[in-house]
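Lettering of chains follows the sequences in order, A, B, ..., and the numbering in each one begins at 1. Worth saying up front: this structure is predicted, and the values here are computed from it rather than measured.
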Amino acid sequence: MKKLIRSNSSQLGFQILFVCLADALVGVSYGALAISLGFDLWVPLSLSILVLAGASEFLFIGIVASGGGAVTAAIAGLLVNSRLLAFGLSLNTQLGKGWRRFLGCHLMNDESVVFGISQPSSELNKKAYWLSGLGILVAWPLGVYFGAVLGEIIESTHALGLDVMFPAILIALVLPKLNSSTMRVTASTGAVLCVASTPFLPAGLPALLSLMGIFMKRVTSNG
Amino acid sequence: MDNQNILLGILVLALGSYSLRLAGPYLRQQLTRFPNIEVLSNELGQILLFSLAIATALFEANEFAGFARLMGFIVAAILAYKRVPLLIVILLAASTTALLRLLGVS
């Protein structure tokens, strides 16, 4: 990993380090939450390594803690993770070849996909994808472990405004990519669909509904 | 809580999530004979990420996440539009949200 950082612009390494740190901090609050809901350490820890997708893990823990069945909770989590299928459509060379591809797929998450499709070359895309993916594979479970050990720190991460980091990073990475009026129209339509449906649909589905924004492309190019 | 049941749930979620991760790139390879699939999937990706940015700025588990986070996000969006470096964008966004919460804004 050191080699990857050196051969890359320090800017990118810094960005990834920061995102991993932010993720670890979210992991701390997640670990603390799981323990406070009465789970043993192995539950959030194994979820964080094997599932490696924060939102679905929160949902799983939440449903089981409120008395729901574990399999029902898993299905709800899968619904949230259905966006991973859509993410995968925009990945190819980033994942590597042969056996590495199987690990590469496991590293797929919101952050690694953002980094993996926003670099200037496909070579840099691959480096950014793996560096952020491996970084999160380490940072997320570590955060969960420390959170479980340290207990309640949820309030303080909230007070520090760390919850705004993820949307802030997303918008900063995606805005420069919306460089045509067609892209701006399709993306805005997608966002409107997503936001308007969020209060009514289960978590994860609004993000998929946003993909319907692509149909605005035909409208704008014809008109 | 029944440990065996929880373990089963974790395995279902883990294997299912991994299958979803494998399916995307596989489908993409099957679709390469269609022209423009690269462009299309890239555009779909950007739409998804932009929508995710707006949605995570506004909501926390289907409910409004509060003005403090939203204001921090708006600061981030303006700075990002001005091409300010990412690190500064993140720090100023988090400071804005933290400061508003200190002042009593949710």
- request: Measure Leu48(B) against the heavy atoms of chain A and call it side chain, backbone, both or neither at under 4.5 Å.
  value: both

task: Sort Leu8(B) into side chain, backbone, both or neither according to what part of it lies under 4.5 angstrom from a heavy atom of chain A.
output: side chain

- prompt: Distance from Glu57(A) atom CD to Ile10(B) atom CD1, nearest 0.5 Å?
  reply: 9.5 Å

- request: Decide yes or no for Arg21(B) and Leu52(A): does some side-chain heavy atom of the first lie under 4.5 Å from some side-chain heavy atom of the second?
  value: yes

- request: Give, as side chain, backbone, both or neither, the part of Ala57(B) having an atom under 4.5 angstrom from any heavy atom of chain A.
  value: both

message: Would the distance check show the side chain of Tyr18(B) and the main-chain N or O of Leu50(A) forming a donor-acceptor pair, the cut-off being under 3.5 Å?
response: no

query: Going from CD on Glu63(B) to OG1 on Thr198(A), what distance comes out if it is rounded to the nearest 0.5 angstrom?
result: 12.0 Å

- prompt: Does any non-hydrogen side-chain atom of Ile6(B) lie less than 4.5 Å from one of Trp42(A)?
  reply: yes

query: Which bit of Leu175(A) comes within less than 4.5 Å of chain B, counting heavy atoms only: side chain, backbone, both or neither?
result: side chain

query: So do Gln46(B) and Val174(A) actually touch side chain to side chain, heavy atoms under 4.5 Å?
result: yes

message: Heavy-atom cut-off 4.5 Å, strictly under: side chain, backbone, both or neither for Phe73(B) against chain A?
response: both

query: Checking heavy atoms, do the side chain of Leu99(B), its backbone, both or neither come under 4.5 Å from chain A?
result: neither

Ile47(B) side chain reached by Met212(A) side chain, heavy atoms, under 4.5 Å: no

query: Checking side-chain contact (heavy atoms from CB on, under 4.5 Å) for the pair Thr186(A)/Phe50(B): CA distance, chi angles, key distance, verdict?
result: CA-CA 10 Å; Thr186(A) 54; Phe50(B) 182 71; over 6 Å; no

query: Taking Thr72(A), Ile49(A), Leu78(A) one by one, which has the highest count of heavy-atom pairs under 4.5 Å against chain B?
result: Leu78(A)

message: Any heavy-atom pair between the side chains of Leu85(A) and Leu27(B) that's under 4.5 Å?
response: yes

task: Find out whether Phe59(B) and Val195(A) are in side-chain contact, i.e. whether some heavy atom of one side chain is under 4.5 Å from a heavy atom of the other.
output: yes

